[in-house]
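Nothing fancy with the numbering, it's 1 onward along the sequence.
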Amino acid sequence: MNKADILDDLNEKQKEAAKIRNGPVLVIAGPGSGKTKTLTHRIAYLMQMGVKPQNILAVTFTNKAADEMKGRVKKLLSVNSNGTILDMPLIGTFHSICARILRKDAGAIGYSPNFTIYDTDDSQRLLKGIISELSIDPKQFPPRKVLSIISSLKNEFMRPEDYEVEADSPFAKKISGVYNAYYKKMRDQNAMDFDDLLLNIVVLFDDNPLILKKYQNQFLHILVDEFQDTNLVQYKIANNLAKTHRNLYCIGDLDQSIYSFRGADYRNILFFEREWPDAKVITLEQNYRSTQNILDASYALISTNTQRKEKKLWTKNGAGDLIVVKEVRDQYEEGEFIISEIQKNIGRGMDLKDFVVLYRTNAQSRPIEESLLRNGFPYKIIGGIKFYQRKEIKDTLAWLRLLINENDHIALTRISDISAKFLASNFETLTSKKPPRSKTQIIDALLRHFASEGATLKLTELIDYIIKNTGFEKYLRDGTEKGEERWDNARELLSVASKFDDQKMQTAIRMLLEEASLYQETDEIQYEKDIITLMTLHAVKGLEFPVVFITGFEQGLLPHSRSLFGSDLTEIEEERRLCYVGMTRAKNKLYMIFAATRLIFGVTQSNPPSEFLTHIPEHLIQYLPAEEETVIELD
């Protein structure tokens, strides 16, 4: 493509948003309005206008979105350069970009480049030990709850010393003590959790102005995708990097802000113009995904929110089918109704991968699964036990973690769970030497041996060597079907690791561990497989399907009961946004289902239909009442 036609595929508003050369820009992009297309064309346009790829930084929130952006930019650039792919700008998630910077400069804040990234399970294990050491009651201070509190503090850029000053109650003082100990142990173990990746970048920049200046001069253009999902720390990172050249380009939609429980602050969009008073604001309202009936129903719901920037989506796709609102007797009839509608639509030429079933809580999935199993339909639940969270995978990765970070005590604990006798036996078989006396000495000796062997091996070969020579195969393959499944998972790790075989060993291990730590539930979606997808409303953002079923449209479930009390509108408006996100995933057909009674969490509930259904005009709805029970009269 040449300069005249690289933006030809965009509509007028998208072109306007893509070709602004300098200064702060806020793009309000409704669902299905070509947000990613606008963003990627802007990157290509900047490069075409002479901006070097190394001077562009684009950040988003999911690995899937980052990969899609990379693919689209690469395609635009390769076409533009007559088949020769130019150097690529830096595109990734906030966490992956921050990890990359910290690998280079973390020495300035006391970390080595080989720091370990602890996932939630690792952090909870560490906190469990700290809570025990401090003689705190784990029932009153469960590690999971404490980690959530610490995460919230970090998202508000509150370090242990800052919170210690503010802790003015017995509960807060104990949290402060745990936070201090957690922070110290993480540093001692050369480890960071997810929130540390962000917090430590701000610390790095605040404490080292020259390092900040280096990155400000490198990244002349900062582009932030899904801006409504940023928290205070992420907003601060983007603003700091953009201060020198003022080329901050943010794109998002306040109506799709649904992650406050992760620290996201929808007000960042509302405050953007106050922070950057000369910002250009552009709204994308043409929708390319859904039918007009789906858009009108979604707008009728979301327009009742007070905290939003007005926009009304429109499409050339036509009116389409009415929204099906189905009443069922219970959760089992809900599952059978979904099956019957899938069967009807398959008969009209659709594939299984065209359907998604959405729910507010994971507990709702069980009866739907049962219906799918009974009818022989293959399906995938997004958000189950993730591949990298499986014990056999974490146990294997623990050896790799210790090979690059000897201070990783959580990894050492995982390996130490294996019996000393078992380790000693395998050490003797492997080295033909008498094993050391203590378990720690055996592990150290094995690690030295693996490091020596790994110097001439590829990553997959090293993992295979570790699995075979620690007796891990025998440990997993215990003669049961479950054991064979665990062994298959361990072998699948070799497939995952193969993409890093061309890297030097230390780099390869770091890259594999980083991928494992930053893995997200939406990475599990495989569109090429013809299966039905089941997932929560929170997990579906950024995706689209021809047919969408939203289950559990009952008061107390959607909206959730937590949002129904108190005078603060914040929670009920977020529930409304969550429903809006689910509705706008649908391309052709949308089903909204509510049950008269529902067995959930072991309790049978009889809740009225969701208040959200009352917002949708009747002329957009095809209402299907519950089927009457057949009464058999006895003679």
Side-chain angles (χ1 to χ4, degrees), residues 95 116-156 158-160 163 167 169-187 189 191-199 231 233 258-264 359-366 381-391 393-395 397-398 401 408-414 417 516-522 535-539 560-563 571 574 578 600-602:
H95 290 89
T116 302
I117 302 173
Y118 278 6
D119 62 18
T120 302
D121 179 62
D122 297 326
S123 295
Q124 287 181 6
R125 278 176 170 243
L126 182 59
L127 281 170
K128 183 179 180 181
I130 291 169
I131 289 167
S132 175
E133 289 172 12
L134 296 177
S135 300
I136 295 174
D137 185 354
K139 292 182 179 178
Q140 292 185 344
F141 293 82
R144 187 173 184 177
K145 180 180 179 181
V146 174
L147 182 61
S148 177
I149 294 172
I150 291 174
S151 176
S152 297
L153 293 172
K154 290 179 179 180
N155 288 334
E156 293 293 323
M158 189 168 288
R159 289 177 280 189
Y163 186 62
S169 69
F171 179 85
K173 288 181 185 299
K174 286 196 174 179
I175 292 292
S176 177
V178 175
Y179 187 11
N180 269 297
Y182 177 72
Y183 183 78
K184 185 177 184 303
K185 280 187 181 287
M186 290 290 281
R187 293 185 70 88
Q189 296 184 24
M192 300 187 197
D193 61 24
F194 299 139
D195 300 309
D196 288 330
L197 293 174
L198 306 177
L199 183 68
N231 60 32
V233 176
I258 60 172
Y259 296 129
S260 64
F261 66 95
R262 295 180 186 169
Y359 33 79
R360 178 63 179 84
T361 66
N362 283 304
Q364 293 170 248
S365 70
R366 184 183 57 79
I381 293 184
I382 305 302
I385 299 177
K386 302 179 183 68
F387 176 74
Y388 288 116
Q389 291 297 316
R390 297 181 184 278
K391 184 178 185 301
I393 302 301
K394 291 179 75 73
D395 287 348
L397 292 178
R401 285 166 56 166
D408 188 343
H409 289 245
I410 296 298
L412 180 61
T413 301
R414 294 197 75 90
D417 286 343
S517 298
L518 302 181
Y519 188 79
Q520 299 165 325
E521 58 189 15
T522 49
M535 63 201 310
T536 66
L537 285 159
H538 280 103
H560 197 279
S561 57
R562 286 193 301 265
S563 68
E571 290 193 26
E574 177 146 335
L578 183 61
I600 190 166
F601 306 126

**Q.** Any pair counted as salt bridge (charged side-chain N to carboxylate O under 4.0 Å, His left out), so long as it reaches residues 128-150, sequence neighbours left out
**A.** E133-K185
Q. Taking the side chain from Y259 and the backbone from H538, do they hold a donor-acceptor pair closer than 3.5 Å?
A. yes
Q.
Working to the nearest 0.5 angstrom, can you tell me the gap between N155 CG and L198 CG?
A. 7.5 Å
**Q.** Atom pair NZ (K174) and CG (L134), whose distance is rounded to the nearest 0.5 Å
**A.** 9.5 Å
Q) Are side-chain N/O atoms of D193 and Y182 paired as donor and acceptor at under 3.5 Å? A) yes
Q | F171: partners by ring-ring contact (aromatic ring centres under 6.0 Å, His included), with sequence neighbours left out | A | F141
Q) Looking at residues at least two apart in the chain, or sitting in another chain, which of them share a salt bridge (charged side-chain N to carboxylate O under 4.0 Å, His left out) with K173? A) none
Q | Set of residues satisfying salt bridge (charged side-chain N to carboxylate O under 4.0 Å, His left out) with respect to R401, sequence neighbours excluded | A | D122, D408
Q) How would you list, by chain and number, every residue that makes a salt bridge (charged side-chain N to carboxylate O under 4.0 Å, His left out) with D195, sequence neighbours excluded? A) none
Q. Shortest non-hydrogen contact from P160 to N180?
A. CB-OD1, 3.3 Å
Q. How close do M192 and M186 get, heavy atom to heavy atom, and via which atoms?
A. C-CE, 3.4 Å
Q) Does S176 use its side chain to pair, donor to acceptor, with the backbone of A167 at less than 3.5 Å? A) no
Q | Candidate list L147, L127, I149, test side-chain contact (heavy atoms from CB on, under 4.5 Å), partner V178, passing option | A | L127
Q: Verify, without hydrogens or angle tests, whether E574 (side chain) and E571 (backbone) share a donor-acceptor contact under 3.5 angstrom.
A: no
Q: Mark yes or no for whether S365, through its side chain, and N362, through its backbone, hold a donor-acceptor pair below 3.5 Å.
A: yes
Q. What are the two closest heavy atoms between I258 and L537, and how far apart are they?
A. CD1-O, 4.3 Å
(Q) With a 4.5 Å cut-off on side-chain heavy atoms, are E156 and Y163 touching? (A) no
(Q) Could you measure the distance from the CD1 atom of I410 to the NZ atom of K394? Nearest 0.5 Å is fine. (A) 9.5 Å
Q: Sequence neighbours left out, what passes ring-ring contact (aromatic ring centres under 6.0 Å, His included) with Y359? Give chain and number order.
A: none
(Q) Is the shortest side-chain heavy-atom distance between R414 and L397 below 4.5 Å? (A) no
